[in-house]
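Take a look at the structure below.
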Amino acid sequence: MTSAYQPDAVEKAAREQWDAARCFEVGEDSSKDKFYCLTMFPYPSGKLHMGHVRVFTISDVIARYQRMQGKHVLQPMGWDAFGMPAENAAIQRGIPPARWTYNNIDDMREQLKRLGYAYDWTREVTTCDPEYYRWEQWLFTKMFAKGLVYRKNSVVNWDPVDQTVLANEQVIDGRGWRSDALVERREIPQWFMKITAYADELLTELDNMPGWPDSVKTMQRNWIGRSEGVELTFEIGGDHEPLTVYTTRPDTLFGVTYMAVAAEHPLASFAATDNPDIAAFVEECKKTDAAEATLETMEKRGMPLGISAIHPLSGEDVPLWVANFVLMSYGTGAVMAVPGHDERDWEFAKKHNLPITQVIAPADGSPVDIQQAVYVDKGVLVNSGEYNGMDFETAFHAIADHFEKSGLGKRTVNYRLRDWGVSRQRYWGAPIPIIFCDDCDAVPVPEDQLPVVLPEDVEFTGVGSPLKHIPEFFQTTCPQCGKDARRETDTFDTFVESSWYFARYACPDAGGAMLDERADYWMPVDQYTGGIEHAILHLLYSRFFQRVMRDEGITQSSEPFTNLLTQGMVLKEGAKMSKAKGNTVDPQELIDKYGADTVRLFMMFAAPPEQALDWSDAGVQGGFRFLKRFWHAVQTHVDAGSVVDVDPNELNDGQKELRRKTHQTIDKISDDIGRRHSFNTAIAAAMELLNAVNKFGDHSDIGRAVVRESLDAVVLMLSPIVPHICDALWQALGHATPLVDQPWPAVDEAALERDLIELVVQVNGKLRGKISMAADAHKDAIIEQALADPNVQRFIAGKNVRKAIVVPGRLVNVVV
RNA sequence: GCCGGGAUGGCGGAAUUGGUAGACGCAGUGGACUCAAAAUCCACCGGUGGCAACACCAUGGGGGUUCAAGUCCCCCUCCCGGUACCA
């Protein structure tokens, strides 16, 4: 009698065995190749959701596969524990953010354990722990000493009713999500990390990262956005400071017909002092959120300031406008406009009846009507005085030379990338270790006073940061002069914590330093897996931090992640699953009903990892059915008794065929999991092999031995995906050593050989027949037999065979 | 707006380097087993025509390159992610 598949009992037994043997706890073993397998750690939002299950299962499959390849595998887990949702929960439920967070961590840790992930739990890292964030505070003070951090004004969303800074996500159609008040743009002083100091390295090293997807590298390249251009100065009459602008198209300089400045620009303020219309417009411009998408898609509006700049080449007056699409804190707060050769400038000029001048003509001489359509291509200069007739390159350098000689401009390499603003006017984050002193200005907290601990037992109302109301927190003395001083109450952007946690996993208990020598054993991460939504910010900040740590001398590698797998989102009804949208699916129900293995299997089977997966409940059932068939097949085989050793050379044709299928499948699944990360097709191949085994009617001793080889292989190869059931089946198959210590099965090349192969015959590219040929048949023999096929004859009858193309091992195409 | 990605049967997907479109599974239909149901097993399962052999059509839309295009090129539509304070 075979026993029924009972996932609860099977999974419990496997877990207990792994725990007892401490299978996944690893030290540093220099005799083996290390493999550091990591997922983007979760934000402890409450319960696991399907996106978590997907990313953790992908990584667990890779980790377990690499272990079977003989690697020394580290797979750690931790918690990205600071963030806004804890504050929202605090407002809604009156629970302190810390308690809410720790409760969630406890719940989610249990769920992760239930899913059977091969984690080394002894290395768990939680970012809201002062023993964690003290080290990023420490690094910040080191960066301060090197001039890699600075303070400057920058723009935030201000809710005038709640008197609070809002995240972009909290602004809905220009209004505060709780107050419904129109949001205003405000400039306040904030701390910045000088990521631009590394812009060039971050850009050029992308060329040496073959383990990253091209799409992510392209996005990062475009985000960094290196451009070569010219910075030039326009004089303004009166006492005004000249305007400096940057352009990548100095060749279009004669086409400048107006300029635009930001609402916060001193020239706008000046013009507004005695012009109420301009003052009103300037105020109006500030009533918008600060998101780039808003800025670029909103209606472009502007007003003339009644001030002119002097064109540096022609000497003509160029009118100045104030415009809502120019931001003071990005670049110089001023832009030159060339409506003839820039899309946005053209539309603005049309709307406001500003002159449009053609200064570039197509190189091939074809006519262009600049009043009807903008011309943005590079060409030859016209209407540009002494520069007429030059092409882009020549004009660029001639004009740049002119400005460098006159001192009114210079060639400049510019980056789209902006320095990283790390200040948040929020409570639930790591305190920024700065003390403000009236005499000494901003002073970093000395190392022996770190960490600056965030008080956890607070009342949180959502109006401003509670830290501003806790004198014990902000009242302090200046570390330099000893006078009374005030502690910074802003906290770090949570991306700071996630920019170095991967290195801390190597040495989570290092008490005296941010990292120790164990980081050099484990880093860089060999395989990093996470959502494509992190393609730019998190991954770029991490690459930056890794370099800052390198330059601080505490770690050696420059790049944190050698191979990157960006898994697609789990969507529900076509949209990102999120608590905010309320469209989450609880994996726990499925785990309770079918077990962890079914959930893991279905998640891997439903779609390739890199693709978005629109969740549907249907189909999980099929995964469960497959596991039952799998269980039944092994049990039935085992119940029929033990098997004999056989010589592969003594098999009959049917036995040879199943054995060939087994080794073809090993070949395919090894490639699918190891190289392609194509888990869905790996599972499909395993299903096919199992279907073949179930259809195999040969119950002779030799036949059963061939089946045994197939079953052993399927159990081994599915074990990274469904480890619990495979563990039980491995034991059932009579193996004494635990499955978790088994090597990956090897392909017997001899088993793959075959005498006859099938070739497809096409006529003019359309399938017309199939022929069976010796594997080493000559091209002419193949064509001869293809032409002899009766159906092929029908289609070539009465026509000339112009040629025949033979694709070895695949097909023949007869062209008539 | 800009940057990156995607679209293949009723559904999820396969086709790895330009070479048989629809593997594997879900749903469905018919049958076996059963008093019955569930479970399980067997068969069928893109569309049109045909008794069948087979033929024609078909990979979001339009054009192109090629002996051969889901795959390469050009144009377009829609959807998803990011857009610097969601993480």
Side-chain angles (χ1 to χ4, degrees), chain A residues 40 42-43 45 80 83-85 156-157 165-171 190 213-216 218-223 225 290-298 300 325 330 343-344 417-421 423-426 493-495 498 531-538 540-541 566 568-569 571 574-576 578-580 602 605-608 610-616 618-623 625-626 628-629 632 668 671-672 675-676 678 680-681 683-688 691 694 758-767 770 791 794 802-805 807 810-816:
Chain A
M40 295 177 188
Y43 177 79
S45 53
D80 188 14
M84 251 186 3
V156 294
N157 305 307
V165 174
L166 297 178
N168 286 338
E169 193 191 48
Q170 296 172 312
V171 180
Q190 309 206 62
D214 289 337
S215 59
V216 173
T218 303
M219 279 191 266
Q220 292 213 347
R221 270 187 205 105
N222 292 337
W223 184 263
E292 190 203 343
T294 309
L295 215 63
E296 290 289 329
T297 54
M298 70 187 175
K300 308 289 183 290
F325 54 85
Y330 306 156
E343 189 95 42
R344 185 179 69 186
L417 179 69
R418 305 195 300 262
D419 278 334
W420 178 13
S423 295
R424 295 293 178 270
Q425 295 69 47
R426 279 185 235 295
D493 176 6
T494 59
F495 274 125
S498 56
I532 183 68
E533 69 271 24
H534 294 294
I536 294 172
L537 295 181
H538 162 61
L540 197 59
Y541 292 149
T566 51
M569 320 262 316
L571 308 174
K576 179 177 175 174
S578 72
K579 288 212 113 183
F602 179 67
F605 186 52
E610 270 153 340
Q611 228 170 76
L613 186 160
D614 202 347
W615 179 261
S616 95
V620 185
Q621 182 79 32
R625 259 207 296 270
F626 169 73
K628 282 198 286 189
R629 275 204 306 278
H632 185 75
K668 175 166 175 56
D671 188 48
D672 278 356
R675 179 182 65 90
R676 295 208 300 150
S678 176
N680 54 329
T681 55
I683 293 166
M687 286 174 166
E688 274 190 71
N691 288 344
N694 285 336
E758 189 180 68
L759 292 176
V760 160
V761 184
Q762 298 179 333
V763 178
N764 290 341
K766 293 203 169 188
L767 173 65
K770 290 174 182 177
N791 202 43
R794 280 177 51 205
R802 301 213 324 260
K803 59 177 163 177
I805 293 146
V807 183
R810 285 201 178 263
L811 58 72
V812 188
N813 189 14
V814 181
V815 184
V816 294

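Quick note on labels: first sequence line is chain A, next is B, and so on, each numbered from 1.
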Under 4.0 angstrom, heavy atoms only, what part of the nucleic acid is [X] near: base, sugar-phosphate, or nothing?
| X | answer |
| --- | --- |
| A:R344 | nothing |
| A:A291 | sugar-phosphate |
| A:V165 | base |
| A:T297 | base |
| A:V156 | base |
| A:Q190 | base |
| A:K300 | nothing |

Query raised in the report: Can you find a donor-acceptor pair, distance only, under 3.5 Å between A:Q425 side chain and B:C85 base?
Result: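 When only heavy-atom distances are counted, A:Q425 does reach the base of B:C85 through a donor-acceptor pair under 3.5 Å.
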Report task. Please confirm whether any donor atom in the side chain of A:R629 sits under 3.5 Å from an acceptor in the base of B:U40, or the reverse. Result ->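 Checked by distance alone, the answer is no.
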Hey, what do you get for [atom1] ([X]) to [atom2] ([Y]), rounding to the nearest 0.5 Å?
| X | Y | atom1 | atom2 | value |
| --- | --- | --- | --- | --- |
| A:D493 | A:R426 | CG | CZ | 9.0 Å |
| A:Y541 | A:I536 | OH | CD1 | 10.0 Å |
| A:H534 | A:L540 | NE2 | CG | 14.0 Å |
| A:N691 | A:R629 | CG | CZ | 6.0 Å |
| A:M84 | A:L166 | CE | CG | 9.0 Å |
| A:L417 | A:D419 | CG | CG | 7.0 Å |

Rounded distance (Å) that lies between atom [atom2] of [N] and atom [atom1] of [X]:
| X | N | atom1 | atom2 | answer |
| --- | --- | --- | --- | --- |
| A:D493 | B:A87 | CG | P | 7 Å |
| A:H538 | B:C85 | NE2 | P | 15 Å |
| A:L537 | B:A87 | CG | P | 11 Å |
| A:E533 | B:U83 | CD | C1' | 14 Å |
| A:E169 | B:U83 | CD | C1' | 14 Å |
| A:K628 | B:A39 | NZ | C1' | 6 Å |
| A:E758 | B:U20 | CD | P | 13 Å |
| A:F626 | B:C26 | CZ | P | 11 Å |

Query raised in the report: Given that A:K770 and A:S678 both sit by RNA chain B, which one's nearest nucleotide is further toward the 5' end?
Result: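 That would be A:S678.
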Requested in this report: Find which nucleotide of RNA chain B each of A:M687 and A:Q170 is nearest to by heavy atoms, and output the residue with the more 5' nucleotide.
Outcome: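 Taking each residue's closest nucleotide, the earlier one in sequence belongs to A:M687.
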Please measure how far the [atom1] atom in [N] lies from the corresponding atom in [M], and state the result in whole Å.
| N | M | atom1 | result |
| --- | --- | --- | --- |
| B:C51 | B:G61 | P | 31 Å |
| B:C75 | B:U65 | C1' | 15 Å |
| B:C45 | B:G6 | P | 32 Å |
| B:A58 | B:U48 | C1' | 11 Å |
| B:C44 | B:G10 | C1' | 16 Å |
| B:G5 | B:G64 | P | 26 Å |
| B:U29 | B:U16 | C1' | 35 Å |
| B:G49 | B:C41 | C1' | 35 Å |

Polar atom pairs (N or O), protein with nucleotides 51-60 of chain B, under 3.5 Å:
from  : atom 1 : to     : atom 2 : distance (Å)
B:A55 : OP1    : A:R768 : NH1    : 3.1
B:A55 : OP1    : A:N791 : ND2    : 3.3
B:C56 : OP1    : A:R768 : NH2    : 3.1
B:C56 : OP2    : A:R768 : NH1    : 3.1
B:C57 : OP2    : A:K766 : NZ     : 3.0

Query - Closest to the A:R426 side chain, choosing from B:U16, B:C85, B:C24 - result: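 Ranking B:U16, B:C85, B:C24 by closest atom to the A:R426 side chain puts B:C85 first.
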Report task. State which residues pass side chain to side chain donor-acceptor pair (under 3.5 Å) with A:R810; sequence neighbours excluded, sorted by chain then number. Result ->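 A:R810 satisfies side chain to side chain donor-acceptor pair (under 3.5 Å) with no other residue.
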Query - Nucleotide-resolved protein contact map, nucleotides 63-75 of chain B, B/S/- at heavy-atom distance under 4.0 Å - result: ----BS-------
Quick check: do [X] and [Y] have side-chain heavy atoms less than 4.5 Å from each other?
| X | Y | result |
| --- | --- | --- |
| A:V171 | A:T294 | no |
| A:N157 | A:Q170 | no |
| A:N764 | A:V815 | yes |
| A:E533 | A:H538 | no |

Requested in this report: Write down the atom of A:F602, the atom of A:V620, and the distance for their closest heavy-atom approach.
Outcome: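 The answer is CD2-CG2, 3.7 Å.
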Test your reading of the model: is there a side-chain donor-acceptor pair from [X] to the backbone of [Y], 3.5 Å cut-off?
| X | Y | value |
| --- | --- | --- |
| A:Q611 | A:P608 | no |
| A:Q220 | A:A535 | yes |
| A:N813 | A:G765 | yes |
| A:D671 | A:R676 | no |
| A:N168 | A:A290 | no |

Query raised in the report: So, is B:G70 syn or anti if syn means the angle is within 90° of 0?
Result: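 Judged by the O4'-C1' to base torsion, B:G70 sits in anti, the angle falling more than 90° away from 0.
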Requested in this report: Would you write the dot-bracket representation of RNA chain B, where each base gets (, ), [, ], | or . depending on whether it forms a Watson-Crick or G-U pair under 3.5 Å and with which partner?
Outcome: (((((((..(((......[....))).(((((.......))))).((((....))))..(((((..]....))))))))))))....
Report task. Verify whether one side chain among A:T681 and A:D672 offers a donor that lies under 3.5 Å from an acceptor in the other. Result ->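 A donor-acceptor contact under 3.5 Å links the two side chains.
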Query raised in the report: Can you list the steps and then say if A:F495 with A:W420 is a side chain to side chain contact (heavy atoms under 4.5 Å, CB included)?
Result: CA-CA 10 Å; A:F495 274 125; A:W420 178 13; 3.6 Å; yes
Requested in this report: Ignoring backbone atoms, test whether A:R424 places a side-chain nitrogen or oxygen under 4.0 Å from the OP1 or OP2 oxygen of B:C85.
Outcome: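 Checking A:R424 against B:C85: at least one side-chain N or O falls below 4.0 Å of OP1 or OP2.
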**Report entry** B:A14 OP1/OP2 closer than 4.0 Å to side-chain N/O of A:R676
**Finding:**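 For B:A14, neither OP1 nor OP2 has a side-chain N or O of A:R676 closer than 4.0 Å.
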Pull out every protein N or O sitting under 3.5 Å from an N or O of nucleotides 76-78 of chain B, one pair per line with the distance.
none

So which protein N/O to nucleotides 2-13 of chain B N/O distances come out below 3.5 Å?
from  : atom 1 : to     : atom 2 : distance (Å)
B:C3  : O3'    : A:N222 : ND2    : 2.7
B:C3  : O2'    : A:N222 : ND2    : 3.1
B:G12 : O2'    : A:A606 : O      : 2.5
B:G13 : O3'    : A:N680 : ND2    : 3.2

